Amino acid sequence: MELFDIISNDIKEAMKAKDKVALDTLRNIKKVLLEAKTAPGAGDTVSDETAIKLIQKLVKQGKESAQLYNSQNRPELANEELAQVAIMERYLPEQMDENEIKAILAEIVSQTGANSPKEMGKVMGIATKQLAGKADGRLISKLVKELLGN
């Protein structure tokens, strides 16, 4: 079953459970996925890979909004955003911890033969494809810089 279908089914379950936060969050995800599905050239389908990228983007936006609300002393709004983020994260692959990422990056560095910060692009290209959905891009970049001695 595709992620789009899973989310559609979960919307029905949220309606039955009268879970307003989950319902609103899932409807928002479905709206974004429908927009991607009907975009020119999409062929009326959204792959799970694309859906995961879109949900990751929503999670990132939610976390940034929560930080902004906290900085403006609006914890009630920040808590709402974080509750939605928690629901969205259920549909994402489990995130790897820093040590797992470092091990994979060290392997990529040795495979590419990169040994200076100038060759970061070579490593990042492979790393972002290999770790897509499993690790935050900023963390990957930070760790690659450390490995290459920047």
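Predicted, not measured: the structure shown is a model, and the values here were computed from it. For the numbers below, each heavy atom of this structure counts, side chains included, while hydrogens, waters and symmetry mates do not.
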Just to verify, what does [X] make a salt bridge (charged side-chain N to carboxylate O under 4.0 Å, His left out) with, not counting sequence neighbours?
X: Arg74; value: Glu76
X: Glu107; value: none
X: Glu94; value: none
X: Lys63; value: Glu89

What side-chain donor-acceptor pairs closer than 3.5 Å can you find for residues 120-130, not counting sequence neighbours?
residue, atom, partner, partner atom, Å
Lys122, NZ, Glu119, OE2, 3.2
Thr128, OG1, Met124, O, 2.8
Thr128, OG1, Gly125, O, 3.3

Assigning hydrophobic clusters by single linkage (Ile, Leu, Val, Met, Phe, Trp, Tyr; side-chain heavy-atom cutoff under 4.5 Å), is [X] placed with [Y]?
X: Leu54; Y: Ile11; value: yes
X: Ile108; Y: Leu148; value: yes
X: Leu58; Y: Leu68; value: no

Answer whether the closest heavy-atom distance between the side chains of Ile7 and Ile55 falls below 4.5 Å.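 Sidechains of Ile55 and Ile7: in contact.
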What's the separation between atom [atom1] in [X] and atom [atom2] in [Y], rounded to the nearest 0.5 Å?
X: Glu49; Y: Ile52; atom1: CD; atom2: CD1; result: 8.0 Å
X: Leu143; Y: Glu98; atom1: CG; atom2: CD; result: 5.0 Å
X: Gln67; Y: Glu81; atom1: CD; atom2: CD; result: 11.5 Å
X: Ile140; Y: Leu131; atom1: CD1; atom2: CG; result: 4.5 Å

Hydrophobic cluster partners of Tyr69 (side-chain heavy atoms under 4.5 Å):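 Reading the cluster by chain and number, Tyr69 sits alongside Leu77.
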Please report, to 0.1 Å, the donor-acceptor pairs under 3.5 Å made by any side chain of residues 16-27, with sequence neighbours excluded.
residue, atom, partner, partner atom, Å
Asp19, OD1, Val21, N, 3.4
Asp19, OD1, Ala22, N, 3.2
Lys20, NZ, Asp24, OD2, 2.9
Thr25, OG1, Val21, O, 2.7

Is it the case that the side chain of Glu100 and the backbone of Asp97 share a donor-acceptor pair, with hydrogens and angles ignored and the cut-off at 3.5 Å?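 At least one qualifying donor-acceptor pair exists.
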Sidechain-backbone polar pair: Thr50 side chain, Val46 backbone, donor-acceptor under 3.5 Å: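 Judged by distance alone, no pair lies under 3.5 Å.
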Restricting to pairs with a member in residues 1-11, which pass salt bridge (charged side-chain N to carboxylate O under 4.0 Å, His left out), not counting sequence neighbours?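 Listed once each, the pairs would be none.
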Per-pair distances, 0.1 Å, donor-acceptor, side chain in residues 30-39, under 3.5 Å, sequence neighbours excluded:
residue, atom, partner, partner atom, Å
Lys30, NZ, Ser8, OG, 3.2
Thr38, OG1, Leu34, O, 3.0
Thr38, OG1, Glu35, O, 3.4

Check Ala78 against Asn70 and note the closest heavy-atom contact, atom names and distance.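 What the structure gives for the nearest pair is CB-OD1, 3.4 Å.
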Nearest heavy-atom neighbours spanning Ala135 and Ile101: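 Residues Ala135 and Ile101, closest heavy atoms: CB-CD1, 3.5 Å.
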Return the set of residues passing side-chain hydrogen bond (donor to acceptor under 3.5 Å, both in side chains) with Asp48 (not counting sequence neighbours), or none when no residue passes.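 For Asp48, no residue satisfies side-chain hydrogen bond (donor to acceptor under 3.5 Å, both in side chains) once neighbours in sequence are set aside.
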Return the set of residues passing side chain to side chain contact (heavy atoms under 4.5 Å, CB included) with Ser110 (not counting sequence neighbours), or none when no residue passes.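 So Ser110 forms no side chain to side chain contact (heavy atoms under 4.5 Å, CB included) with any residue.
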Quick one: which residue pairs count as a side chain to side chain donor-acceptor pair (under 3.5 Å) with a foot in residues 131-143, not counting sequence neighbours?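 Applying side chain to side chain donor-acceptor pair (under 3.5 Å) to every pair that reaches into residues 131-143, excluding sequence neighbours, yields nothing.
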